[in-house]
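Input: a single structure, listed below in structure tokens.
A, B, ... follow the sequence lines: proteins, then strands. Residue 1 opens every chain.
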Protein chains: 2
Amino acid sequence: MNRFISGRRKMRVTLKDVAREAETSVAAASATLSGKPSGNMRISEATRQRVIEVAARLGYVPNPIARSLTTGRTGVLGLVFPYVDAFVDRNPFCSMLMNGVFTEAIQDSYNMMLYTVRDGFWAGKHKIDPRVDGLVLALPASDEPLLLRCRESSFPCVAIVCAPQPDPVMTVNADDYQGGLLATKHLLDLGHKRIMMLHGGDLVSTNQPRLDGYRKAMQDAGMQVTPDLVVRAGFDWRPGFEAMTTVLERPQSEWPTAIFAVNDLCAAGAIRAIKAKGLSVPEDFAIVGFDDTWFSTTTQPMLTSVRMPIKEMGALAARMLASEVNGKPPTERHPVLPVSLTIRNSCGASTQVPALEFPES
Amino acid sequence: MNRFISGRRKMRVTLKDVAREAETSVAAASATLSGKPSGNMRISEATRQRVIEVAARLGYVPNPIARSLTTGRTGVLGLVFPYVDAFVDRNPFCSMLMNGVFTEAIQDSYNMMLYTVRDGFWAGKHKIDPRVDGLVLALPASDEPLLLRCRESSFPCVAIVCAPQPDPVMTVNADDYQGGLLATKHLLDLGHKRIMMLHGGDLVSTNQPRLDGYRKAMQDAGMQVTPDLVVRAGFDWRPGFEAMTTVLERPQSEWPTAIFAVNDLCAAGAIRAIKAKGLSVPEDFAIVGFDDTWFSTTTQPMLTSVRMPIKEMGALAARMLASEVNGKPPTERHPVLPVSLTIRNSCGASTQVPALEFPES
DNA sequence: GTGAAAGCGCTAACAG
DNA sequence: CTGTTAGCGCTTTCAC
């Protein structure tokens, strides 16, 4: 009997079993079953059939661990996620990104290992895990040790929503600059002059281009961006709330009339602050967010927001990584995906959105 | 030079390198570094130090693949998720569950492999992957082939939000029955008599106990549950919308005055249908949902909902699995976690919720 | 055409 | 107390 217990795991049928049963060599069995007649090795149709039949009969499943040890490939891609609790639970951004990465990875027959990172357990602590062939890094900062480590050792990886990286690191980004431009222009077009930006701080790569886009639009319109118009908030709800609360403590004459928030959660926080003061959106303040996930439809009023193709970005990243790992490096190694503006009710512009909307993703 | 290219991956420092450099045997090096003086093997403090020093100097990192091959253990847990696109993106249930599982797994120094399953690629296609030591199965149905396969081969696994399973499969559930009871009683207490349940269909395990709880509460209150009060909807937004729309096409005299929806998404759909008819909640219909994630706070009005400790359930599942895998089988193999009722504005009951609420998870 | 043999990097027996 | 040896299951030269 060739099934026995080792440790606490039932041993499965091995290639040796198949070879013995099919009265041939392990090598031949391997060659047939892995489909690649390696080297100058050809298998006669007779043994081929026998091996295949026996393998099926015995229920042989190759052991990916053993295979990895010899081939140096695992067929697994890693996804590194730095985001924590509340942020993940509430921001569809994360699940949409994951969704994209996974959908594509499955298509390319890759499995996914997920590395999340939380308080006190940052990516810096992560070593490159040889159990994955490559990594998708959704790290917001471009100086993460893990990212640097990948670069140094030329480990296949693609950084997503992260500042441009030197080769061989690939990147996938949305056109944040254009997004900032679009958002601000929209507010400008509606006649606003004092437009404030609630930004996310310089630890997150996507912040700067959005801010640059904002500045450019303002400048093009001949508006001056005084320091009081650029207020530090963050990419989550609470910092948006707190920053806006602070702004509303200024004399009313110094208030902006419109706000461009660095993302939707931040915008939602700002809206809460505004409501808490007994004021309202869009009557007292117009506000534009960024991301345009279905979250944007849950606020009151629903958010006008810059749309990023999040799921597509995840899928693209996975596809690029799979190509790289398979030795077909993608030609476009730093794609920047286009953004657009979804107009809802938070700016007072006439809406394009049907009254009854089921966000599909 | 012991670093060279094999295939396309830079070979890392191996144990052999360390042993040679430290002038000792591979076995000794292994024993020191893995911390377990295996068998009757003890290492002299001298070589111990030397090995450790050399390992550090060479930047030795053990290869988990090789280790797995010999030990039969991988240090990886798998999470199987059947849910698809829109549902995942919009329902915090999924990310909260993941969050719980991951947080706990990390604490126990396990890595996580994620298997998602989507249209045309069901769990039935999954083989048990020997690269994981155990599986958390978030499969809603109890007859999933993968689940059966685990049971047959005694592969360590815990099914979450799934009907009770025969040993050795472990399960983690919320008290759905009690939830149905609580929700319905709340509506009863508010004076409702015609209470309808929008249920999710019998393909999902949690549906039945919720329905049973509903029936029991009605029965205890002396209300008759006529067939027209039990309407098939689903666990997503659209089926809730469609089912409610159908109900509203009945003569008004046959309308319910209150609704218990099988989950929050379903409830939200129902609310949309009600609004689409020009009616409102809670004035025309009281409605209770199930899950009580922060999603419940995004509807208008905010949902009264049965709270499940979702994240805790995920964490518990991971912890139980880790124990099992480590040879310390948990004594409680089928925990049922308590639920409670969070009262908001969808039933017209006086609310307990602060006006300005930042859901933390 | 085919099979024997040498590893991949590590651990766990077993002698010394 | 230590080192030698034998695999884990698979792929891949390389002789036959």
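In this structure, Thr47(A) reaches the sugar-phosphate backbone alone: every heavy-atom distance under 4.0 Å involves primed, P, OP1 or OP2 atoms, never a base. Within the 4.0 angstrom heavy-atom criterion, only backbone atoms of the sugar-phosphate kind lie near Thr24(A); the bases stay farther away.
The two residues Leu137(B) and Cys157(B) come nearest to each other via the heavy atoms CD1-SG, 4.0 Å. Closest approach of Ser205(B) and Ser142(B) over heavy atoms only: OG-N, 3.9 Å. Across every non-hydrogen atom of Ala317(B) and Val136(B), the tightest pair is CB-CG1, 4.3 Å.
Residue Thr71(B) has its side chain nearest to dA12(C) when only dT11(D), dA12(C), dC8(D) are considered. Comparing dC10(D), dG9(D), dT4(D) by their closest approach to the side chain of Pro62(A) singles out dC10(D). The Ala28(A) side chain lies nearest to dG3(C) when the options are dG3(C), dC8(D), dC10(D). Nearest nucleotide to the Lys16(A) side chain, out of dG3(D), dC8(D), dG9(C): dC8(D). Set against dC10(C), dG3(D), dC8(C), the side chain of Leu69(A) has dC8(C) as its closest nucleotide. Listed nucleotides dG9(D), dA4(C), dT2(C) differ in distance to Ala27(A); the shortest reach to its side chain belongs to dA4(C). Proximity note for Leu15(B) (side chain, C-beta onward) versus dA5(C), dC10(C), dA12(C): the nearest is dC10(C). For Asn63(A), taking side-chain heavy atoms from C-beta onward, the closest of the listed nucleotides dG9(D), dG3(D), dG3(C) is dG9(D).
Following rounding to the nearest Å, Arg50(B) (CZ) and dC1(D) (C1') show an atom-to-atom distance of 14 Å. The distance between atom CG of Leu33(B) and atom P of dG9(C), rounded to the nearest whole Å, is 16 Å. Summarising the geometry, the separation between CZ on Arg12(B) and P on dG9(C) is reported as 10 Å, rounded to the nearest angstrom. Going from atom CD1 of Ile65(B) over to atom P of dT11(C) covers 13 Å, rounded to whole Å. Atom pair Arg20(A):CZ and dC10(D):P shows a separation of 13 Å (rounding to whole Å applied). Here the P atom of nucleotide dT2(C) and the CD1 atom of Ile43(A) are 6 Å apart, to the nearest Å.
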Problem set entry | Val325(B)/Arg73(B) under side chain to side chain contact (heavy atoms under 4.5 Å, CB included): CA gap, chis, key distance, verdict | CA-CA 9 Å; Val325(B) 164; Arg73(B) 304 273 313 269; 3.3 Å; yes
Problem set entry | Pair Val51(B)-Tyr60(B), side chain to side chain contact (heavy atoms under 4.5 Å, CB included): steps then yes or no | CA-CA 10 Å; Val51(B) 167; Tyr60(B) 169 74; over 6 Å; no
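Between Ser44(A) and Val26(A), the residue anchored closer to the 5' end of DNA chain C is Ser44(A), taking for each the nucleotide with the nearest heavy atom.
Under 4.0 angstrom from either OP1 or OP2 of dC8(D) there lies no side-chain N or O belonging to Ser68(B). The shortest distance between the side-chain N/O atoms of Thr14(A) and the OP1/OP2 oxygens of dC8(D) is not below 4.0 Å. Under 4.0 angstrom from either OP1 or OP2 of dC8(D) there lies no side-chain N or O belonging to Thr70(B). In this structure, Ser30(A) does not reach the dC10(D) phosphate: none of its side-chain N or O atoms is under 4.0 Å from OP1 or OP2.
For the residue pair Tyr110(A)/Asp133(A), the side-chain donor-acceptor check at 3.5 Å is not satisfied.
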